[in-house]
Amino acid sequence: MRMDIITIFPEYFDPLNLSLVGKAREAGVLDIRVHDLRAWTSDRHRTVDDTPYGGGAGMVMKPDVWGRALDAVASGADGGDRNDASGPEPQLVIPTPSGRPFTQEMAAELADEPWLIFACGRYEGIDARVAEDAAMRMPVTEVSIGDYVLNGGEVAALVITEAVVRLLPDVLGNPESLREESFADGLLEYPVYTKPLSWRGRAVPDVLLSGHHGNVARWRRDQALHRTAERRPDLIAELDPADLDEHDRAVLADLGWVVQPTGLVHARRSVAH
Ligand code: 6GU
C-alpha cells in the first residue's frame with residue numbers, strides 16, 4: 001500500500017518509523033511519503049490560511065495551496081514512481097471532526113485500497129471547495145475519530161494509519177489476534193491474565209487454569225457480554241439476536257436485556273436519552 005500525507009507539521013509523523021508500521025515500511029509492504037503543504041505556497045511568508053468568509057473565529061486553509069498540493073501528489077509527480085495514468089487511483093481521506101465516524105469496518109475498507117492520500121488541516125478546516133473539487137477525480141472521505149476536538153488532522157491521520165496498516169496482509173505476525181480482538185464480533189474484549197498466578201493478593205480466575213477449553217471460551221464470552229453491557233450498551237443494542245445462543249440470552253437477561261422482534265432492548269432503560 002502507498003500512503004501520502006500532506007501536512008504543515010511533517011514531524012508529527014516521525015513515529016511512523018517505529019514499531020509495526022516502521023517494520024512494514026522496512027519490509028516494503030508499505031510506502032509512506034510525508035509532504036510539507038508549504039511546498040505548494042507561492043508567497044514569501046508561505047501562507048496556508050486566511051480569514052473565513054462570513055466572519056467568525058479562527059482561520060481557514062486556502063484552496064489554491066491545497067489544490068496544487070493534491071494535484072501534484074495525486075498525479076504521482078511529487079517524488080512518485082506512479083506517473084502512469086494506468087496505475088491505481090488514490091482515495092483521499094480528510095480527517096475532520098465533522099466527518100463520518102471512523103470504525104474498524106472503515107479501517108478494513110481502507111486497508112483494501114492500494115493508495116491513500118491524507119489531507120491534514122487545522123480544525124477550523126480546509127476551504128470546502130477543496131473536497132468538492134478533489135471528488136471530481138477521486139473518492140473522498142471525510143473522517144472523524146471521535147466526538148472531541150483536536151487542533152488538527154495530524155493525530156487523527158496517525159490513528160487511522162495505525163488501524164489500517166495492522167490489517168494489511170503480511171504486517172501482523174499472528175492473524176488469529178485480528179479475529180479475536182474487540183469489535184470483530186461486536187463485543188468488547190474479555191479480560192486477560194498472565195503469570196504470576198497470584199499478584200498483590202489477586203488470583204487469576206480458576207477457570208483459566210482448568211484446561212477445559214469449552215469452559216474457558218464460555219467464561220470469556222460471559223465476561224465480554226458483561227463488559228460490553230456495562231461500558232457500551234450501544235453495542236449490545238446493535239447485536240444480531242441470531243448470533244446469540246441460549247446461554248448468551250440468559251446472561252443478557254440477567255443484565256436487563258431482552259430479545260424483541262426489533263432486536264435487543266433494555267427492559268429498564270432506553271439506550272438513547
Ligand atoms: Cl479527524 N480532526 C480533528 N481536527 N479533530 C477531531 C477529529 C479529526 N476527530 C475527532 N476530533
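Order of listing sets the numbers, starting from 1, for every ligand and every atom in it. The first residue in the sequence is number 1, and the count goes up from there.
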Show me which atoms of ligand 1 lie under 4.0 Å from any heavy atom of Val143. 1 (Cl)
Between Asn151 and ligand 1, is there a nitrogen or oxygen pair with a distance under 3.5 Å? no
Atom indices of ligand 1, in the order listed, that fall short of 4.0 Å to a heavy atom of Ser144: 1 (Cl), 9 (N), 10 (C)
For the residue pair Glu142 / Ser98, report whether a side-chain donor-acceptor contact shorter than 3.5 Å exists. no
Side chain of Asp248, backbone of Asp245: donor and acceptor closer than 3.5 Å? yes
So for Asp147 against ligand 1, with non-hydrogen atoms under 4.0 Å, the contacting part is neither
Atoms of ligand 1 under 4.0 Å from any heavy atom of Thr96, numbered from 1 in the order shown, are 1 (Cl), 2 (N), 8 (C)
Can you tell which part of Ala156 has a heavy atom less than 4.0 Å from ligand 1: side chain, backbone, both or neither? side chain
Under 3.5 Å between some N or O of ligand 1 and some N or O of Val149? no
I need the Tyr190 OH to Arg220 CZ distance, nearest 0.5 Å. 4.0 Å
In terms of the angle between their ring planes, are Tyr193 and Trp219 parallel, tilted or perpendicular, with boundaries placed at 30° and 60°? tilted
Minimum heavy-atom distance Arg249-Ala242, with the two atoms named: NH2-N, 4.5 Å
Close approach of Gly99 to ligand 1, heavy atoms, under 4.0 angstrom: no
Check whether any side-chain N or O of Arg166 sits under 3.5 Å from a backbone N or O of Leu20 as a donor-acceptor pair, and report yes or no. no
